[in-house]
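Just below is one structure, and these are the notes that go with it.
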Amino acid sequence: MSLLSVENVSVSYGKVEAVRGVSLSVEAGRVATVIGPNGAGKTTLLTAVMGLLPYKGRILYDGMDLSKLDVEARVERGLCLVPEKRELFSEMSVSDNLILGAYSRRDRNNVARDLDAVYDRFPRLRERRSQLAGTLSGGERQMLALGRALMTKPRLLMLDEPSLGLAPLIVREIFHVIGSLRDLGVSLLLVEQNARAALETADFGYVLETGELASAGPSKDLIHDPRLIATYLGEH
Amino acid sequence: MTLEIAAILGIDGVANGAIYILVAIGLVLIFTVTRVIFVPFGDIAAFTALTLAALENRQVPGTISLVIALAVIAALIEVVSLVRRGDLHAVPRALLFYLGLPLLVVALVRFGIGFELPMAARIALAILLVLPIAPLLDRIIFRPIADASVLLLLIVSVSLHFALSGLGLLFFGPEGVRTQPLTEAAFDVAGILISGQTILIVVTSVIFSIGLYLFFDYTLTGKALHATAVNRTGARLMGIRPARSGAIAYILGSLMAGTSGVLIAPVNTIFYDSGFLLGLKAFVGAIIGGLVGYPSTALGALFVGLLESFASFQSSALKEVIVFSLLIPILIWRSLASTHSEEDIEE
Ligand SMILES: Nc1ncnc2c1ncn2[C@@H]1O[C@H](COP(=O)(O)OP(=O)(O)OP(=O)(O)O)[C@@H](O)[C@H]1O
Ligand SMILES: [Mg+2]
């Protein structure tokens with residue numbers, strides 16, 4: 001059974017339908033990616049799955065219909081979104097941001113250990129732990145957003161463009177972390193502009209165009225799809 | 001003005017200011033977490049004083065009927081909205097929170113009236129009884145319009161103040177009250193007499209300020225409140241419910257407003273509508289402080305207290321005029337100097 005299955009979901013802003021009849025799924029312990037051009041509806045889709053936007057259709061998470069759960073209840077059940085805007089607590093310190101990531105966790109005893117693990121993963125955050133989040137560099141903010149999300153101890157982590165605006169070296173670092181999350185048993189739904197890196201990391205890929213699914217398949221097939229190479233991937 | 005008079009006015013001003021600090025910090029706390037400028041806050045202070053006076057006379061305070069009425073309405077609204085959402089298993093918890101706890105407090109006070117209680121117990125009961133008012137009003141009035149603009153929330157808040165004054169008249173009647181002195185002590189410091197009451201006010205205000213600081217810096221709940229104030233969406237994504245943060249802010253704020261009511265009641269005659277000026281002056285202090293940080297709010301409130309004290313020496317009839325006229329240049333200066341737009345605060 002899939003951990004997340006999105007069935008025929010549509011999301012509208014007023015009269016404009018930004019996502020139309022999209023179905024996709026994420027298997028437990030796997031990485032799925034949604035790629036597509038600007039304005040395709042990727043962010044809209046993730047936002048709806050998280051519960052921040054109303055939708056039509058059905059979303060099942062771990063066999064549970066999500067429509068009755070608000071955002072906070074979804075977080076308590078291990079669903080977590082790193083949004084496009086990051087939504088960090090800019091006037092609070094790095095360590096407070098991370099500690100708040102664990103806010104809804106029941107296993108309070110493990111929080112200190114997990115905080116250490118996040119600091120080990122991102123030593124830069126440890127160096128800057130008493131600095132205000134709003135004063136971090138772009139790359140450090142992405143690390144903090146990812147670290148804060150890990151502190152929620154997610155089962156399904158949704159990342160909206162984790163490599164947005166980062167230098168190539170840091171992009172590699174972030175993708176390295178994303179790849180290693182799978183080994184921790186975290187399932188991932190990854191939205192990326194960087195289609196090649198995303199498909200190389202993911203098991204399964206979906207292509208979203210103007211709100212509708214244009215194609216779907218195992219990443220290793222998509223990465224060789226001539227049409228995708230022409231539009232998104234470019235020659236390697 | 002001699003140095004001695006200045007010293008006396010200064011001490012008086014610091015005592016006034018300390019009272020405004022309590023109310024102003026509560027106002028800012030509620031504003032940053034919920035974006036509501038809770039104008040009826042002064043009413044909460046006045047209601048506490050009136051409740052305490054009733055308890056001293058071993059009468060049933062009007063607050064009891066008020067709390068029961070609000071609890072029933074809030075519980076009804078909450079249950080109906082839960083049933084509509086199909087969220088039946090959340091109903092018992094909602095009933096406990098919105099009906100059970102307020103009624104428990106009511107029962108406790110009702111039970112307490114039967115005994116000759118010591119002063120500390122009466123004060124505790126009076127404060128306990130007003131604590132549910134603001135969170136219940138929040139549930140009934142502000143929660144349904146939580147996403148409205150700051151201006152609309154303010155307009156509703158002002159209307160709510162007038163509604164509460166009306167209810168105050170209904171439940172407490174038109175008579176003014178003065179409660180028993182908290183302390184008769186007085187100290188002679190370098191020839192100037194300082195009353196124990198003044199010292200008590202200042203010490204309480206300092207304790208609350210430090211307590212709040214520790215709460216925000218060292219507890220997860222405090223951090224969650226701060227996070228809600230800084231970024232609502234970010235907070236929700238971490239599982240922090242803004243409604244819960246709001247309720248906690250209202251309770252904490254009410255605790256401070258209630259305490260200020262207890263502190264002023266022995267030295268000022270309090271009527272059902274006395275809260276308005278108190279709330280307004282605290283609000284002026286909070287505005288001077290920029291409605292953001294707690295240290296700046298405390299300074300702003302202290303400034304208002306001192307200004308009022310010295311203004312009343314010049315002309316006691318005009319002291320309110322002086323305090324409120326000052327608001328205009330300060331607001332102009334603030335709006336020129338401020339880098340915080342309303343949008344910033346809303347985010
Ligand atoms: N709040 C909103 N109100 C109205 N329309 C919106 C809103 N947010 C997004 N849209 C529209 O919905 C469509 C999908 O936007 P979305 O942000 O989901 O795209 P995206 O695939 O994430 O794009 P990008 O790759 O640029 O981030 C766009 O046409 C956008 O203009
Ligand atoms: Mg997007």
Side-chain angles (χ1 to χ4, degrees), chain A residues 46-47 49-54 65 67-93 95-106 108 111-112 130 132-134 141 144-145 147-154 157-160, chain B residues 28 32-33 78 81-91 93-94 143 146-147 213-248 290-296 339-340 343-347:
Chain A
L46 291 194
T47 311
V49 173
M50 198 60 220
L52 288 166
L53 279 175
D65 190 334
S67 63
K68 288 218 175 82
L69 300 181
D70 57 12
V71 180
E72 296 85 351
R74 293 175 203 210
V75 176
E76 281 161 16
R77 285 165 180 74
L79 199 60
C80 181
L81 169 68
V82 176
E84 197 167 28
K85 292 183 187 152
R86 305 301 173 239
E87 311 286 5
L88 295 171
F89 306 122
S90 53
E91 289 162 38
M92 301 178 79
S93 68
S95 69
D96 280 353
N97 270 269
L98 292 174
I99 288 168
L100 283 166
Y103 176 81
S104 54
R105 276 172 57 174
R106 302 261 156 79
R108 305 305 311 171
V111 170
S130 32
L132 295 187
R141 276 171 150 77
L144 180 56
R148 189 180 68 167
L150 291 178
M151 289 300 292
T152 68
K153 210 172 184 188
L157 181 56
M158 300 188 284
L159 302 172
D160 198 346
Chain B
V28 171
T32 50
V33 175
E78 180 70 13
S81 84
L82 285 176
V83 169
R84 274 214 192 126
R85 265 208 327 238
D87 210 355
L88 289 176
H89 64 270
V91 169
R93 226 187 116 113
R143 199 86 60 78
D147 295 324
Y213 172 79
L214 296 177
F215 171 69
F216 279 117
D217 257 32
Y218 292 99
T219 69
L220 189 61
T221 306
K223 284 175 185 174
L225 239 63
H226 190 183
T228 312
V230 172
N231 185 334
R232 280 175 98 73
T233 307
R236 297 197 68 195
L237 287 172
M238 297 301 113
I240 302 166
R241 290 197 158 76
R244 182 166 182 270
S245 298
I248 295 172
L291 267 181
V292 275
Y294 298 100
S296 62
T339 51
H340 282 267
E343 272 65 35
D344 268 352
I345 294 169
E346 279 192 31
E347 233 325 273

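So you know, we letter chains A, B, ... as the sequences are listed, proteins then strands, and number each from 1. Keep in mind that what you see is a predicted model, and the values were worked out from it rather than measured.
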Heavy-atom contact with chain B under 4.5 Å, split by part of A/A102: neither
Is any side-chain heavy atom of B/R241 closer than 4.5 Å to one of A/S104? no
Which portion of A/L88 sits near chain B, non-hydrogen atoms under 4.5 angstrom: backbone
With a 4.5 Å heavy-atom cut-off, do B/H226 and A/D96 have their side chains touching? no
Region of A/R108 in contact with chain B, defined by heavy-atom distances below 4.5 Å: side chain
Using non-hydrogen atoms only, which part of B/R236 is less than 4.5 Å away from chain A: side chain, backbone, both, or neither? both
Hey, could you give me the NZ/CG distance between B/K223 and A/L100, rounded to the nearest 0.5 Å? 7.0 Å
If I compare all heavy atoms of A/Y103 with all of B/A224, which pair ends up nearest, and what's the gap? CE1-CB, 3.5 Å
So CZ of A/R105 and CG of B/L220: to nearest 0.5 Å the spacing works out to 11.5 Å
Do A/P83 and B/L237 have side chains that approach each other closer than 4.5 Å (heavy atoms only, starting at C-beta)? yes
Highest number of heavy-atom pairs under 4.5 Å with chain B: which of A/E76, A/M50, A/R148, A/K68? A/R148
Please rank A/T152, A/L81, A/N97, A/D70 by heavy-atom pairs under 4.5 Å with chain B and give me the top one. A/D70
Taking everything shown except B/R143 itself, do over 12 heavy atoms lie less than 6.0 Å from its CZ? yes
